[in-house]
**Student:** 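Dropping the structure in here first, questions after.
Side chains are part of it too, since the values below use all heavy atoms of this structure and drop only hydrogens, waters and symmetry mates. Residues take their numbers from the sequence shown, with the count starting at 1.
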Amino acid sequence: MLNYRHLHYFWVVTKEGGFARAAERLDMAVQTISAQVRELEKALGHQLLKPAGRGVALTEAGQAAFARAEEIFQLGQGIPDEVREAASGKVARLTVGLSDGISKLAAHALLEPVLGTANLRLVCHEGEIEQLLGELALHHLDVVFAGQAAPRNPNLRLTSEKLVDSTVEWYGPAKLVGRTERERFPHSLNDLPVLLPTGHSALRTMLDHWFETQGLRPRIVGEFEDSALLAVFAARGLGVFPVSRLGADDVGLLRGLRPLGRSDGVKEEIHAIRSRRGQHHPLVMQVLAVARS
C-alpha cells in the first residue's frame with residue numbers, strides 16, 4: 001500500500017519548492033520530512049526530487065507522481081465541505097461538463113427540469129471534450145454534454161446516449177429580419193451579416209456544408225464559441241445567427257429577435273456522457289428522463 005502521508009510530504013515539498021519551506025509550513029523538522037520523502041522514493045523505486053539551486057526540482061518520475069498527488073489532495077481538500085453538505089441533506093449538487101462545441105442555450109434547456117430543485121448547487125465546467133472526459137473518468141463531473149458520442153475507450157469506462165437531434169433555425173434583430181428576408185430565405189443570408197459558431201463546433205461543420213449545397217456565400221461578421229453570447233450580440237444588431245430548436249425558447253427571452261428561417265437537413269446533436277459509476281445520480285437521471293420523453 002502506498003503511504004499517503006509520505007505522498008503528502010512530497011506534495012508539500014514540491015508545492016513549496018524545497019524542504020525548508022515545507023518544514024515551516026508543516027511545522028516539522030526538515031530531517032523528518034526529508035526522511036519521509038526518501039521512504040516514498042524507496043517504495044516507488046525511483047528518485048522523485050533532485051537538487052536545484054537552494055531548492056528542489058522534480059525528476060521525470062517525480063512529475064508523474066506530483067500530477068497524481070495534485071489530483072488526490074485537491075480532491076481531499078473538498079471532502080470536508082462535501083461531507084458537511086451530505087450530512088445536512090440540504091444541498092443537491094450537480095456538476096456538469098459542457099464541451100466547447102455545443103450550444104449553451106440548448107444545454108440550458110436540457111438542464112431546465114432540475115433548475116427548480118430545492119437547494120441546488122449547479123457547477124458547470126466548459127472545455128475541450130478530451131479534457132472533460134478525463135475529468136468525468138476521475139468522477140470530478142456527474143455528466144458531460146457534448147456534440148458527439150464518447151470515443152470507444154475501454155479504459156475510460158464511459159457510456160453515452162444521444163439526447164438531442166434538433167433542427168436548426170435562424171434568428172436576427174428586427175432591423176435585419178423583415179418579410180422580404182424571410183420570404184427569400186435562405187438566399188437572403190447572402191445579403192445579411194451572419195454570426196456563426198466557431199470552426200471546432202460540429203454544428204459549424206454542418207452549416208458550412210449546408211451553405212455549399214445551397215450555393216450560399218454568407219458575409220460572416222462574427223464567430224463565437226458560446227451560443228448565448230452569440231445571441232446577445234445578435235440582439236444588439238450585429239447580425240443573424242443559427243440556433244437549435246431546443247435553445248430557441250431561450251432566444252425568445254432576448255428582446256427584438258425575430259425568426260428568419262430554418263436550415264432544412266441541418267441538425268444539432270447533443271450526447272450525454274456518463275461514467276458507469278455515476279449512472280445513478282438522481283438529478284442526471286431526471287434530466288435524461290425528460291430529454292427522452
**Student:** Kindly indicate whether the side chain of Glu269, heavy atoms from C-beta on, has any atom under 4.5 Å from the side chain of Val164.
**Tutor:** no

**Student:** Within the distance-only criterion (no hydrogens, no angle test), does the side chain of Glu169 pair as donor or acceptor with the backbone N or O of Arg262 below 3.5 angstrom?
**Tutor:** no

**Student:** Check the hydrophobic clustering (I, L, V, M, F, W, Y; side-chain heavy atoms under 4.5 Å; chains of links allowed) and say if Val290 and Val144 are grouped together.
**Tutor:** no

**Student:** How about Phe73: does its CZ atom have over 12 heavy atoms from other parts shown lying under 6.0 Å from it?
**Tutor:** yes

**Student:** If you measure from CZ on Phe211 to CZ on Arg217, what distance do you get to the nearest 0.5 Å?
**Tutor:** 12.0 Å

**Student:** Given the rule in the side chain to side chain contact (heavy atoms under 4.5 Å, CB included) test, do Tyr171 and Val240 qualify, once you have shown the distances and angles that lead to the verdict?
**Tutor:** CA-CA 6 Å; Tyr171 286 78; Val240 299; over 6 Å; no

**Student:** Would you call Asp142 and Arg93 a salt bridge, using N to O less than 4.0 angstrom?
**Tutor:** no

**Student:** Are Leu138 and Trp11 connected in the hydrophobic side-chain network, where two residues link if heavy atoms are under 4.5 Å apart?
**Tutor:** no

**Student:** Among Leu136, Leu132, Val143, Leu141, find the one that has a side chain to side chain contact (heavy atoms under 4.5 Å, CB included) with Ile273.
**Tutor:** Leu136

**Student:** Any donor-acceptor pair under 3.5 Å linking the side chain of Glu181 with the backbone of Gly178?
**Tutor:** yes

**Student:** Is Leu203 close to Val266 at the side-chain level, that is, under 4.5 Å between some pair of heavy atoms?
**Tutor:** yes

**Student:** Is there a path of hydrophobic side-chain contacts, each under 4.5 Å between heavy atoms of I, L, V, M, F, W or Y residues, that connects Phe66 with Leu75?
**Tutor:** no

**Student:** Between Ile129 and Gln148, is there a side-chain heavy-atom distance shorter than 4.5 Å?
**Tutor:** yes

**Student:** Of all heavy-atom pairs between Pro242 and Pro197, which one has the smallest distance, and what is that distance?
**Tutor:** CG-CD, 4.1 Å

**Student:** Would you call Glu39 and Lys42 a salt bridge, taking side-chain N to carboxylate O under 4.0 Å as the test?
**Tutor:** no

**Student:** Please work out which of the three classes, parallel, tilted or perpendicular, describes the rings of Trp170 and Phe185, given edges at 30° and 60°.
**Tutor:** tilted

**Student:** Output the distance between atom CG (Leu115) and atom CG (Leu111), rounded to the nearest 0.5 Å.
**Tutor:** 6.0 Å

**Student:** Is the closest side-chain donor-acceptor distance between Gln131 and Glu135 under 3.5 Å?
**Tutor:** no

**Student:** Any chance NE2 of His209 has more than 12 other-residue heavy atoms, nucleotides or ligands included, within less than 6.0 Å?
**Tutor:** no

**Student:** Group every Ile, Leu, Val, Met, Phe, Trp and Tyr by side-chain heavy-atom contacts under 4.5 Å, then state whether Val114 and Val123 land in the same group.
**Tutor:** no

**Student:** Can you tell me how far the CZ atom of Phe224 sits from the OG1 atom of Thr198, to the nearest 0.5 Å?
**Tutor:** 10.5 Å

**Student:** Evaluate Ser244 against Glu268 for side chain to side chain donor-acceptor pair (under 3.5 Å), listing each step before the verdict.
**Tutor:** CA-CA 6 Å; Ser244 72; Glu268 181 178 36; 3.1 Å; yes

**Student:** Side chains of Leu189 and Leu260: does their closest heavy-atom pair fall under 4.5 Å?
**Tutor:** yes

**Student:** Could you check if a side-chain atom of Leu2 sits within less than 4.5 angstrom of a side-chain atom of Leu40, using non-hydrogen atoms only?
**Tutor:** yes

**Student:** Is it the case that the side chain of Thr167 and the backbone of Lys267 share a donor-acceptor pair, with hydrogens and angles ignored and the cut-off at 3.5 Å?
**Tutor:** no

**Student:** Please step through side chain to side chain contact (heavy atoms under 4.5 Å, CB included) for the pair Arg258 and Arg182, ending with a clear verdict.
**Tutor:** CA-CA 10 Å; Arg258 293 181 176 178; Arg182 286 195 292 268; 4.2 Å; yes

**Student:** Determine the minimum heavy-atom distance between Pro218 and Val194, stating which atoms define it.
**Tutor:** CB-CG2, 3.8 Å

**Student:** Provide the closest heavy-atom pair for Leu257 versus Pro173 in the form atom of the first, atom of the second, distance.
**Tutor:** CD2-N, 3.7 Å

**Student:** Can you name the nearest heavy-atom pair linking Val177 to Pro259, along with the distance?
**Tutor:** CG1-O, 3.5 Å

**Student:** Rounded to the nearest 0.5 Å, how far does CD of Glu161 lie from NE2 of His271?
**Tutor:** 10.5 Å

**Student:** For the side chain of Thr14 and the backbone of Phe10, is there at least one donor-acceptor N/O pair under 3.5 Å apart?
**Tutor:** yes

**Student:** Any chance you could measure Phe19, atom CZ, to Tyr9, atom OH, to the nearest 0.5 Å?
**Tutor:** 13.0 Å

**Student:** Does CD belonging to Gln47 count more than 12 external heavy atoms closer than 6.0 Å?
**Tutor:** yes

**Student:** Could you report the tightest heavy-atom contact between Ala20 and Val30, atom names first, then the distance?
**Tutor:** CA-CG2, 4.0 Å

**Student:** Counting N and O atoms only, with roles assigned by atom type, does the side chain of Thr59 sit under 3.5 Å from a partner on the main chain of Gly62, one being a donor and the other an acceptor?
**Tutor:** yes

**Student:** Does Arg274 reach the side chain of Val284, with side-chain heavy atoms less than 4.5 Å apart?
**Tutor:** yes

**Student:** So which heavy atom on Leu176 is nearest to which on Pro193, and how close?
**Tutor:** CD1-CG, 3.8 Å

**Student:** Contact between Ser160 and Leu158 at the side-chain level, heavy atoms closer than 4.5 Å - yes or no?
**Tutor:** no

**Student:** Is the backbone of Glu16 close enough, under 3.5 Å, to the side chain of Arg21 for a donor and an acceptor to pair up by distance?
**Tutor:** yes

**Student:** Look at the side-chain heavy atoms of Ile, Leu, Val, Met, Phe, Trp and Tyr, link any pair under 4.5 Å apart, and say whether Leu195 and Leu229 land in one connected group.
**Tutor:** yes

**Student:** Side chains of Glu24 and Asp27: does their closest heavy-atom pair fall under 4.5 Å?
**Tutor:** no

**Student:** Test side chain to side chain contact (heavy atoms under 4.5 Å, CB included) on Leu283 and Gln286 and set out the steps.
**Tutor:** CA-CA 5 Å; Leu283 295 181; Gln286 185 177 344; 4.1 Å; yes

**Student:** For the residue pair Arg184 / Thr180, report whether a side-chain donor-acceptor contact shorter than 3.5 Å exists.
**Tutor:** no

**Student:** For the pair Leu230 and Val243, evaluate side chain to side chain contact (heavy atoms under 4.5 Å, CB included) and give the outcome as yes or no after the intermediate values.
**Tutor:** CA-CA 10 Å; Leu230 188 156; Val243 63; over 6 Å; no

**Student:** For the CG atom of Leu207 and the CD atom of Glu212, what is their distance to the nearest 0.5 Å?
**Tutor:** 13.0 Å

